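Being a predicted model, the structure only gives us computed values, none of them experimental.
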Amino acid sequence: MAHARRTAIVGIGATEFSKDSGRTPMQLATEACLAACADAGIDPSQVDGMSLFSMERNVEIEVARNLGIPELRFFSMVNHGGGGGCATVGMGAMAVHVGAADYVLAYRAFNERSWHRFGSGVQGHHQSPEANDVSFSWTSPFGLVTPAQWAAIFATRYMHDYGATSEDFGRIAVADRRHAAVNPAAFFHGRPITLEEHQESRMISDPLRLLDCCQESDGGQALLITTMDRAVGLRNRPAVIAASAQGVAEDQWMMRSYYRDDITGLPEMGVVARQLWASSGLGPADVQTAVLYDHFTPLVLPQFEEFGFCGRGEAKDFIADGNIEMGGGLPINTNGGQLGEAYLHGMNGIAEAVRQVRGSSVNQVDDVRNVLVSSGSGVPTSGLILSTES
Amino acid sequence: MSTEAPAPPDGFLVRLRSGVGGRGAVSTAAEPVSPAAISAWCAVMSETGLRHVERADGEDPLAPMAMLDVWTMVGFDAVRLPERDAGEPQQVVYQMLDDAGFGGVVATNSNQAYVRTLRPGDIVSQQTALVDVSSEKQTALGVGHFVTTQVDFTDADGVVVGTRTFTVFRFRPGTGRSANADPRRARLVEAGLDPDDFLDPPQRPERPRPRWNQDQAWHWEGLRERELRIQRFTDDGRLVHPPATANPVTHAMDWDWIVASGRGVLHSWTVVRHRPLPVFDRPPVAALVELEEGVRLVSNVVGVDVEDLEVGMPLEVCWLDSHEDVTLHQFRAPRAPRRTGALDPGSLDVGDRLPGEVVEITVDLVVEGARATRDPQDVHHDRVAARAKGVRDIFMNIMTTNGLVSRWIGDWAGDQMELRSLEVGLGVPLHPGDLLALSGSVEAVGDDTVTVVFAGHAPVGTHVTGRAVLGVAGRGGGTGA
């Protein structure tokens, strides 16, 4: 990819993460964007691009108005919600690389807990006979209406085919919560969990237990993207965008890709993985830490397989014995992930990858050179590799 | 919300109870127990028990125990009904309740105890006694009184062959607990008015409604016809589900459909435990089913205990009318074969589960069930009459429920066991297009008796719960072969 290692994330800014922000999503978006500009050391009026992903309800023109941005030259919206997080950075990188904009802001801000809860799924939808509404008719009449329920169908089959257990899923939650416990910004700061607590948590939709499901959060997270040329003069060490990619695979559905021969993998993540490795010239061995999308723990396991950290069905062995915790071979979600820090559709995870590159994470991994980030699993998705070196 | 209903007139309960202990006239069946009636009943209930069907030894078939109360019913000849019932002690109470506004009626319990097997030629008589009238109760349905009767059934010698205790709840329509959670309804009730005369009835929760356009309408129309239609591209015969607009390989847009066999296996599943939609009375099993034709679809598995769900288990389609104009496919385990050998009570443990079964409630089953049990009530066979009485459709009578339960338990117990008693408590009614999922387990084991507790779940609630005692055929009270 022509823009590989030519662009960077130069600013990150977030609000606090809570269950009830007490203010509007628009204010959260504005605060996060201002914080990202301040972190980079630029004036918001220098921003001339906005890169969004769907389910973002703070329309970019109103955020631009609040920031006093005189001209927007680039603005885009990537589809498919949580799958588009890393893609907003990729779109921004491409835009600044070709000169469509100088500084691009990407953000997610919502009161996802206190206002509209995504966890409630598609109840009450189906308003029209257009394709997207019709697509839910194959599942909703049977009571399968929320993301947790959709994910559970994959998890049952994965367990059956590979012998993974609920405890294997639980190890993801335990690692995330252990990392969150030492992160003052995390909602679950100071509140680690044990595998036993995971096993005792109530069943939500078999085999998903409560502690397999990420929290719902209020908050905002913004990222600022520019070219390496501009990045070098700014306040913080640039997180070089070594590669970015999007992925959709054959017979793709939104969290309901149930009709493929094999439903235990995440082939759309495979599309992302192959591009990231090819365009960066890197491989799994070159990554020191990863931020893997963790809305539901069972869908974290096949990500290790799609990215090639282990073979098909071997993730349960890869994550055993603390390999994904601090000091292990591949610490993941060092901010606590979405299970532990906050559910910001993965944007807070990208910010954590930036901190790992800067060397400023609360769970700083030694000698970080490359960080892998993934976006929503089970949906059309995207990914990033952020690096220390251009 | 107060549970105190408007105070009835002084002495009302005393008057209601004045007939308790009274007995009605002895009424004798118009026809004797007959092989034809047994055969018709067995056909409706799918009863294949060797003692009840054509017998190898040339003996007449024996009446299934659950037919106890069929013989003295008047059949569809409803004209005779008021004539015969006039003056019965329970009818006096019903009339007093009607006059006081307790016009709603629902049967709540039916307990049958069987003394001996009836055989062709037996002439059955019945006599009803008024056993109890309860004080005024507030239930989910409304404010009213439970009225309990006991019927003794006797043979031509006057010897008791079985008894039935029956409880109905007579209530004031519109005074139900859930209905009156709506303050508008509560105010009307307080004013002594029937809220149903003024307000729309509370909406029944429904499943999410599927939407379709002309690309998929044929699939949903097929479900209405009880056909599982799967798209086939005509150029290479490729099957695609959910339907697509073009063959993904050849891009041809010419397609028709096949009707799938309805057989398949469970590919994956989940049980929606956290906040299932309100329409689901119990956590639904959502399933990914792989049809034997090779395509998959999302559906529900019904009538299988969660512990018995297993990837790869065989399934077969059944049908649920989920909305006025929508039918959904559902999947059940294939029906367990009837036990051919003898059930040994000694081999059973408390908690052992009976094989689940899912019964499709069809118009035929409801109407033929009423006919086979000689039940004249129009709400069981006349859709127009049922709707005029405020019911959305005809509904299955209790005697058919008893028949299905007795047959299902009999299939598990086999021919060496027979029913000693059958107690049922009744819940939501079953209409055509519903599914009844029967499940049960062993509650107690005696030397030669077994007690089974069971439940029958409809998609929107529990239709029936109960207890059956089985004994070794020919021992104990029974004299059947």
- Query: Salt bridge check: are A/Asp212 and A/Arg209 linked by an N-O gap of less than 4.0 Å?
  - Reply: no
- So, B/Arg383 and B/Asp393, do they make that salt bridge, N to O below 4.0 Å? yes
- Could you pull out the closest heavy-atom pair between A/Gly143 and B/Phe280, with the gap in Å? CA-CE1, 3.5 Å
- Highest number of heavy-atom pairs under 4.5 Å with chain B among A/Asp251, A/Leu210, A/Leu208, A/Leu144 belongs to A/Leu144
Between [options], which has the largest tally of heavy atom pairs under 4.5 Å with chain A?
{"options": "B/Ser299, B/Gly312, B/Gly294, B/Pro284", "answer": "B/Ser299"}
{"options": "B/Val306, B/Val326, B/Val298", "answer": "B/Val298"}
{"options": "B/Val279, B/Asn300, B/Asp215, B/Asn213", "answer": "B/Asn300"}

Heavy-atom contact with chain B under 4.5 Å, split by part of [X]:
{"X": "A/Arg256", "answer": "neither"}
{"X": "A/Asp261", "answer": "backbone"}
{"X": "A/Arg260", "answer": "backbone"}

- Residues in salt bridge (Lys or Arg N to Asp or Glu O under 4.0 Å) with A/Glu112, at least two apart? none
[X] versus chain A, the contacting section by heavy-atom distance below 4.5 Å:
{"X": "B/Gln216", "value": "side chain"}
{"X": "B/Glu290", "value": "neither"}
{"X": "B/Leu320", "value": "neither"}
{"X": "B/His267", "value": "both"}

- Message: Which residues pass the ring pair (Phe, Tyr, Trp, His ring centres under 6.0 Å) test with A/Phe142, not counting sequence neighbours?
- Response: B/His329
- Item | ring pair (Phe, Tyr, Trp, His ring centres under 6.0 Å) partners for B/Trp218, two or more places apart | B/Trp255, B/Trp257
- Report yes or no: do B/Asp321 and B/Thr327 form a side-chain donor-acceptor pair below 3.5 Å? yes
- Do we see a donor-acceptor contact under 3.5 Å between the side chains of A/Thr264 and A/Asp262? yes
- Message: Is any side-chain heavy atom of B/Arg273 closer than 4.5 Å to one of A/Arg202?
- Response: no
- Residues in residues 233-247 of chain B that sit under 4.5 Å from chain A, counting heavy atoms only: B/His241, B/Pro242, B/Pro243
- Less than 6.0 Å separating the ring centroids of B/Trp269 and A/His160? no
- For a ring pair (Phe, Tyr, Trp, His ring centres under 6.0 Å) with A/Trp253, tell me which candidate from A/Tyr259, A/Phe154, A/Phe136, A/Trp150 qualifies. A/Tyr259
